[in-house]
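The block underneath contains the structure these notes are about, expressed in structure tokens.
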Amino acid sequence: MKRGGVILYPTDTVWGIGCDATNPEAVKRVYDIKQRDDSKALICLVDSDARLQRYIRNVPDVAWQLIDSLKEAESKPTTLILDGAINLAENLIAEDGSIGIRITNEPFSKELCYRFQKAIVSTSANISGEPAAQNYCDIDSRILEAVDYVCWSRRQEHKPHTPSSIIKLKANGEVTIIRK
């Protein structure tokens with residue numbers, strides 16, 4: 001990923017296509033692999049509260065409260081869409097300046113983010129419009145052939161996984177649930 005590579009990896013939700021979230025060429029490759037219009041924003045994963053703050057100009061208090069309550073409840077992974085994205089590839093940031101970002105607690109993806117020391121793109125391992133790959137065995141061969149590396153972790157797993165919940169938090173305090 002440090003050289004612009006694209007990987008397939010298990011996340012705290014479904015299998016994901018990932019790359020360095022600060023590298024616009026790598027992000028473009030992810031859009032190309034997914035056959036997805038780059039006007040549809042992608043999300044990224046980070047490993048900690050501190051890393052989240054590197055990519056959002058001002059994290060609103062309500063976001064911290066939500067993050068804390070989700071940790072305490074051990075609830076479904078939740079992606080927050082926050083205004084004021086910074087230090088990320090421009091083609092990863094939505095037109096309104098927001099970014100979808102999630103602090104992962106799943107051991108493999110958390111360690112991957114920690115070791116990489118940057119945000120990592122995390123978009124479902126599927127061609128745009130097709131079902132997300134819940135497990136490694138569900139990944140389309142076109143995706144497998146298009147990436148540079150496929151992680152070994154959790155390849156044998158066969159259990160249901162679902163995408164994250166998505167909540168948009170505007171700087172003005174407006175909250176919108178995008179996906180439950």
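For clarity, every value in this text was computed on a predicted model and none was experimentally measured.
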Compare every heavy atom of Gln134 with every heavy atom of Lys159, then report the nearest pair and how far apart it is.
O-OE1, 4.1 Å
Should Leu88 and Leu82 be regarded as members of a common hydrophobic cluster, given that ILVMFWY residues are connected when their side-chain heavy atoms come within less than 4.5 Å of each other, either directly or indirectly?
yes
Steps toward side chain to side chain contact (heavy atoms under 4.5 Å, CB included) verdict (Asp47, Phe116):
CA-CA 10 Å; Asp47 63 317; Phe116 192 58; over 6 Å; no
Are the side chain of Tyr31 and the backbone of Lys40 linked by a donor-acceptor contact shorter than 3.5 Å?
yes
Cluster check Ile43, Val59: I/L/V/M/F/W/Y, side chain < 4.5 angstrom
no
Spatial distance of atom OG1 (Thr78) from atom CD1 (Ile167) [nearest 0.5 Å]:
5.5 Å
Could you go through residues 15-25 and list every donor-acceptor pair under 3.5 Å that involves a side-chain atom there, pairing it with any protein atom two or more places apart or in another chain?
from: Asp20; atom 1: OD1; to: Thr22; atom 2: N; distance (Å): 2.7
from: Asp20; atom 1: OD1; to: Thr22; atom 2: OG1; distance (Å): 2.6
from: Asp20; atom 1: OD2; to: Thr22; atom 2: OG1; distance (Å): 3.2
from: Asp20; atom 1: OD2; to: Lys118; atom 2: NZ; distance (Å): 3.1
from: Asn23; atom 1: OD1; to: Glu25; atom 2: N; distance (Å): 2.9
from: Asn23; atom 1: OD1; to: Ala26; atom 2: N; distance (Å): 3.0

Flag the pair Thr11 / Thr104 as yes when at least one side-chain heavy-atom distance between them is below 4.5 Å, and no otherwise.
no
Has Gln156 got more than 12 heavy atoms of other residues, nucleotides or ligands less than 6.0 Å from its CD?
no
Rounded at 0.5 Å granularity, tell me how far CD1 in Ile166 sits from NZ in Lys180.
14.0 Å
Can you tell me how far apart CH2 (Trp64) and OG (Ser69) are? Round to the nearest 0.5 Å.
13.0 Å
Is there a path of hydrophobic side-chain contacts, each under 4.5 Å between heavy atoms of I, L, V, M, F, W or Y residues, that connects Val30 with Ile139?
yes
Determine the minimum heavy-atom distance between Arg51 and Ser48, stating which atoms define it.
N-OG, 3.1 Å
Donor-acceptor contact below 3.5 Å, side chain Asn87 vs main chain Tyr55
no
May I ask you to check whether over 12 heavy atoms, not counting those of Asp61, lie within 6.0 Å of atom CG?
no
Transitive ILVMFWY side-chain link Val27 to Ile143, under 4.5 Å
yes
Begin with the C-alpha distance, continue with both residues' side-chain angles, and end with the deciding distance and a verdict on side chain to side chain contact (heavy atoms under 4.5 Å, CB included) for Leu80 and Ile67.
CA-CA 9 Å; Leu80 300 180; Ile67 289 166; 3.8 Å; yes
At their closest point, which heavy atom of Asp83 faces which heavy atom of Ser98, and how far apart are they?
OD1-CB, 3.8 Å
Is there side-chain contact between Pro10 and Glu157, with heavy atoms separated by less than 4.5 Å?
no
Here's a test for you: under salt bridge (charged side-chain N to carboxylate O under 4.0 Å, His left out), which of Arg36, Lys34, Arg29, Lys28 qualifies with Asp32?
Lys28
Apply side chain to side chain contact (heavy atoms under 4.5 Å, CB included) to residues Asn135 and His161 and explain how you reach the verdict.
CA-CA 8 Å; Asn135 295 289; His161 294 276; 3.5 Å; yes
Answer yes or no: does atom NZ of Lys76 have more than 12 heavy-atom neighbours from other residues, nucleotides or ligands under 6.0 Å?
yes
Check whether more than 12 heavy atoms from other residues, nucleotides or ligands sit under 6.0 Å from atom OH of Tyr149, and answer yes or no.
yes
Any side-chain heavy atom of Tyr136 sitting closer than 4.5 Å to one from Leu144?
yes
Answer yes or no: is there an ion pair linking Asp148 with Arg3, defined by an N-O contact shorter than 4.0 Å?
no
Roughly how far, to the nearest 0.5 Å, is OG of Ser153 from CD of Glu111?
11.0 Å
Residue pair Thr79 / Ile178, side-chain heavy-atom distance below 4.5 Å
no
Over all heavy atoms of both residues, which pair between Ala119 and Val46 is shortest? Give the atoms and the distance, please.
CB-CG1, 3.8 Å
So if you build clusters from Ile, Leu, Val, Met, Phe, Trp, Tyr with side-chain heavy-atom gaps below 4.5 Å, do Met1 and Val150 land together?
no
Leu92 and Ile99: which non-hydrogen atoms are nearest, and at how many Å?
O-CD1, 3.4 Å
Could you please spell out the steps behind the side chain to side chain contact (heavy atoms under 4.5 Å, CB included) verdict for Leu112 and Leu45?
CA-CA 10 Å; Leu112 180 66; Leu45 294 182; over 6 Å; no
Could you check whether any side-chain heavy atom of Lys71 comes within less than 4.5 Å of a side-chain heavy atom of Asp49, counting everything from C-beta outward?
yes
Say you draw a straight line from OG of Ser122 to CD1 of Ile101; how long is it, rounded to the nearest 0.5 Å?
11.0 Å
Flag the pair Val14 / Asp138 as yes when at least one side-chain heavy-atom distance between them is below 4.5 Å, and no otherwise.
no
Straight-line distance of Lys110 NZ to Arg115 CZ, nearest 0.5 Å:
14.0 Å
Contact check, side chains of Asn126 and Asp140, non-hydrogen atoms, under 4.5 Å
no
Exercise: identify the closest heavy-atom pair between Ala85 and Ile56:
CA-CD1, 4.5 Å
Does a donor on one side chain sit under 3.5 Å from an acceptor on the other, for Thr13 and Ser164?
no
Using a cut-off of 6.0 Å, state whether more than 12 heavy atoms not belonging to Trp152 lie near its atom CH2.
no
Would you say the side chain of Leu8 lies within less than 4.5 Å of the side chain of Arg155, judging by non-hydrogen atoms?
no
